[in-house]
Amino acid sequence: MKILTAAQTRQADAATLQAEGITSAELMERAATAFCEWLLNRLPLPGQRPIYIFCGPGNNGGDGLAVARQLHEAGYQPQVWGLPAARPSADFTLNRRRLPTEVPYQEVDAKKLPPLPAHALVIDALFGTGLSRPLTGAAATLVQHLNQSGAAIVAVDLPSGLFADAPQSPDSPVVRAHHTVSFELPKLAFLLPQNAEFVGEWEVLPIHLDSAFIHNTSVDNYFVDDNVIRGRLPARSKFSHKGTFGHVLLLAGSRGKIGASVLAARACLRGGVGLLTVRIPAVGYHIMQTSAPEAMTLADPATDFVTELPDLKPYAAIGIGPGLGQEHATCEVLRQLLRKANVPLVLDADALNLLGANPGLLPLLPRESLLTPHPKEFERLVGKPARDDYHRLEQLRTFAREYKCYCVLKGAYTTLAAPDGTLYFNSTGNPGMATGGSGDVLTGLLLALRADKRLSPLDAALLGLYAHGRAGDRAAQQTGEAGLVAGDLVRFIGPVLQELTATPPRL
Ligand SMILES: NC(=O)C1=CN([C@@H]2O[C@H](COP(=O)(O)OP(=O)(O)OC[C@H]3O[C@@H](n4cnc5c(N)ncnc54)[C@H](O)[C@@H]3O)[C@@H](O)[C@H]2O)[C@H](O)CC1
Ligand SMILES: [K+]
């Protein structure tokens, strides 16, 4: 799914009006109908809960007025409050006129704001994608009043005061919505941790914007949901053999962190790899052989950490990092690997910390390497903290472009940057996955998919991130979020990959 900017959303509206030959008021009616359908499925019967609709002067306010009319038609008695405005939009004015006389419409007076009972439902239709500057004056006072009311707030399209795709100034008030109900495509603002307190739970309802326009519009950001991923994994041919799915090498583990290498190895095996060899310090030899008997184990001459790079010839892809430690000798192994490897690399955890501590190694990264930092590791990689979440995304884009790599920033909506700077936001996963070892599982899974020659590097990465999150969602259904441990994810990799596999066309 594409993520459009506010400007592109306006263009999509215009393209839709032209392609369908409808008026902007008709499109607004469609948005209001979708919103009301969503709301009516959740509202108690009329009369049980007071509904307040706050409308701004633009088309977001116009949506609010159309919603008020439709709720009235459904038997509810909303109160509408409008911000005083010198030049309301044409569709606001039209819907103001269409508002039945039984629906009270009052102008907001910042000095005498309406009292809001805590059990009220507030619909925030003050500002949407047309917000052009931080809120001040009556609008700012009203937003603070709504936030302090304790009422449940549902925002139309965007919480008022929040920009769709840019940071807001820290002193500008923003509505703290419990739900944000938007139209057609998600907005970048919904996906950033710094906006979570304003956006609440979010939903995107279809209003059938012109699909040709959306198809032809190039964007910097994508949201990766089930529709994008399902069927991306080709079915296995009846005649495939273990060579088809590649022989991979995993360099991992150090004394006290052998578990990380075991989790990565198990995930790699469940990810469908043909053959797996693990390079591990001698202390981990027996552990690996018993915990992952399907893997071949190459013990390092050193007991506690990896000190020697094995012959790389047999391998279709190589992973390095889980539990690796940051010894000097291990850093030399990484340096040699970066110099010698001519197959896809997956780098995680201590391999990234070593890169961060030795930035001279970064230019050695082979093209299309896949790196999987969490925000702290990413900060070490780029060498400076981000000002905010938007700035971090720009750092991520720049990093991927500069080193021609795929770089994953792990977290809620884990974000993949491709070498051309495009960002892909993953939609699966849950807070239960914020637990030690879940990154090691991701590394193993990505390594298996990266070795699968049938998948492009982009597809391998997108599929791996999506499947990892979905395995986490399945696991959490059984264990609860708090009870989830990384090993639980491994069990669900197989079934999840099966679900995402392409099915042959029906006869
Ligand atoms: N495709 C869709 O998703 C559809 C969306 N619709 C709704 O339309 C709004 C966007 O409407 P627009 O008129 O462009 O903008 P707003 O209503 O958000 O606000 C514009 C209005 O507000 C003034 N303004 C801007 N910033 C401030 C400020 N800081 N303080 C005071 N006033 C401000 C500006 O001058 C304008 O007067 C979208 O979000 C959807 O809700 C359509 O209904 C259908 C299709
Ligand atoms: K709004």
Side-chain angles (χ1 to χ4, degrees), residues 2-17 19-20 22-36 53-67 70 82-95 108 110 122-143 146-147 153-166 168-169 171-187 189-190 198-200 202-211 213-214 217:
K2 289 180 174 177
I3 298 174
L4 303 188
T5 62
Q8 287 172 327
T9 305
R10 274 191 290 279
Q11 292 164 4
D13 282 2
T16 308
L17 306 189
E20 290 192 42
I22 57 169
T23 62
S24 53
E26 283 170 295
L27 187 59
M28 183 174 280
E29 199 63 23
R30 229 186 251 181
T33 304
F35 182 91
C36 284
I53 306 185
F54 289 90
C55 298
N59 289 343
N60 195 252
D63 287 351
L65 290 166
V67 164
Q70 292 194 19
L83 271 181
R87 273 178 295 143
S89 75
D91 289 331
F92 175 97
T93 308
L94 181 75
N95 279 288
V108 169
V122 166
I123 296 178
D124 158 31
L126 291 170
F127 301 98
T129 50
L131 186 80
S132 53
R133 55 196 185 277
L135 296 181
T136 51
T141 312
L142 175 60
V143 166
L146 300 186
N147 287 343
I153 304 181
V154 181
V156 179
D157 205 26
L158 262 176
S160 298
L162 195 65
F163 291 111
D165 42 34
Q168 65 280 9
S169 74
D171 46 352
S172 168
V174 179
V175 166
R176 290 173 186 275
H178 299 90
H179 288 273
T180 295
V181 179
S182 189
F183 305 116
E184 199 71 14
L185 297 170
K187 296 177 166 51
F190 300 169
F198 309 120
V199 174
W202 60 271
E203 222 86 31
V204 172
L205 308 177
I207 55 167
H208 311 291
L209 293 185
D210 186 42
S211 55
F213 175 87
I214 294 172
T217 300

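Order of appearance sets the numbers: ligands from 1, and atoms from 1 within every ligand.
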* To do: Could you list which atoms of ligand 1 come closer than 4.0 Å to a heavy atom of Leu209?
  => 1 (N)
* Quick one: does Asn95's side chain get under 4.5 Å of Glu29's, heavy atoms only? -> yes
* **Min side-chain heavy-atom separation Phe54-Val122 under 4.5 Å** => yes
* Asked: Does Gly56 come within less than 4.0 Å of ligand 1, judged by its heavy atoms?
  -> no
* Structure fact -> Atoms of ligand 1 under 4.0 Å from any heavy atom of Gly128, numbered from 1 in the order shown, are 16 (P), 18 (O), 39 (O)
* Structure fact -> atom 11 (O) of ligand 1 has as its nearest protein heavy atom Asn59 CB, 3.2 Å
* Asked: Do Phe163 and Leu158 touch side chain to side chain, with heavy atoms closer than 4.5 Å?
  -> no
* Looking at Leu131, which atoms of ligand 1 are within less than 4.0 Å of one of its heavy atoms? -> 18 (O), 25 (C), 26 (N), 29 (N)
* To do: Examine distances only and state if a side-chain atom of Glu184 and a backbone atom of Ile207 form a donor-acceptor pair shorter than 3.5 Å.
  => yes
* Structure fact -> among protein heavy atoms, the one nearest atom 37 (O) of ligand 1 is Pro57 CG, 3.9 Å
* Side chain to side chain, Leu135 and Leu126, heavy atoms closer than 4.5 Å -> no
* Would you say the side chain of Leu27 lies within less than 4.5 Å of the side chain of Leu209, judging by non-hydrogen atoms? -> yes
* Asked: Is the shortest distance from a heavy atom of Ala139 to ligand 1 less than 4.0 Å?
  -> no
* Structure fact -> heavy-atom search around atom 1 (N) of ligand 1 in the protein gives Asp13 OD1, 2.3 Å
* Give the residue, atom name and distance (to 0.1 Å) of the protein heavy atom nearest atom 26 (N) of ligand 1. => Ser132 N, 3.0 Å
* Asked: Would you say the side chain of Arg30 lies within less than 4.5 Å of the side chain of Ile22, judging by non-hydrogen atoms?
  -> yes
* **Contact flag Gly56/the K ion (ligand 2), N/O/S atoms, threshold under 3.4 Å** => no
* Structure fact -> The N/O/S atom of Asp124 lying closest to the K ion (ligand 2) is O
* Lys2 side chain to Leu185 backbone, donor-acceptor under 3.5 Å -> no
* **Protein contact to atom 15 (O) of ligand 1 [nearest heavy atom, distance to 0.1 Å]** => Gly130 CA, 3.1 Å
* **Heavy-atom gap Arg133 to ligand 1 smaller than 4.0 Å** => yes
* To do: Could you give me the CA-CA distance, side-chain angles and deciding distance for Leu4 and Asp165, then say whether side chain to side chain contact (heavy atoms under 4.5 Å, CB included) is met?
  => CA-CA 9 Å; Leu4 303 188; Asp165 42 34; over 6 Å; no
* Quick one: which ligand 1 atoms are inside 4.0 Å of a heavy atom on Asp157? -> 38 (C), 39 (O), 40 (C), 41 (O)
* Taking side chain as C-beta onward, heavy atoms only, is Val156 less than 4.5 Å from Phe183? -> yes
* Check each atom of ligand 1 against the heavy atoms of Pro134 and keep those under 4.0 Å away; list them by number with element. => 29 (N)
* To the nearest 0.5 Å, what is the distance between CG (Asn59) and CG (Asp157)? -> 10.5 Å
* Taking the non-hydrogen atoms of Leu158, is any one of them nearer than 4.0 angstrom to ligand 1? -> no
* Asked: To the nearest 10°, how many degrees is the angle Asn60 OD1 to the K ion (ligand 2) to Val156 O?
  -> 80°
* Quick one: which ligand 1 atoms are inside 4.0 Å of a heavy atom on Leu27? -> 45 (C)
* To do: Name the closest protein heavy atom to atom 9 (C) of ligand 1, giving the residue it belongs to and the distance to 0.1 Å.
  => Asn60 N, 3.6 Å
* Contact summary for Ser160 and Phe127, nearest pair of heavy atoms -> OG-N, 2.9 Å
* To do: Considering only non-hydrogen protein atoms, determine which one is nearest to atom 42 (C) of ligand 1 and report residue, atom name and distance to 0.1 Å.
  => Asp63 OD1, 3.7 Å
* Distance-only side-chain donor-acceptor flag, Ser182 / Lys187, under 3.5 Å -> yes
* Answer yes or no for Gly128: is there an N/O/S atom below the 3.4 Å cut-off from the K ion (ligand 2)? => no
* Structure fact -> Candidates Phe183, Phe127, Phe92, Phe163; heavy atom nearest atom 22 (O) of ligand 1 found on Phe127
* **Heavy-atom side-chain proximity of Gln70 to Thr33 below 4.5 angstrom** => yes
* Asked: In terms of residue, atom name and distance, what is the protein heavy atom nearest to atom 10 (C) of ligand 1?
  -> Thr129 OG1, 3.3 Å
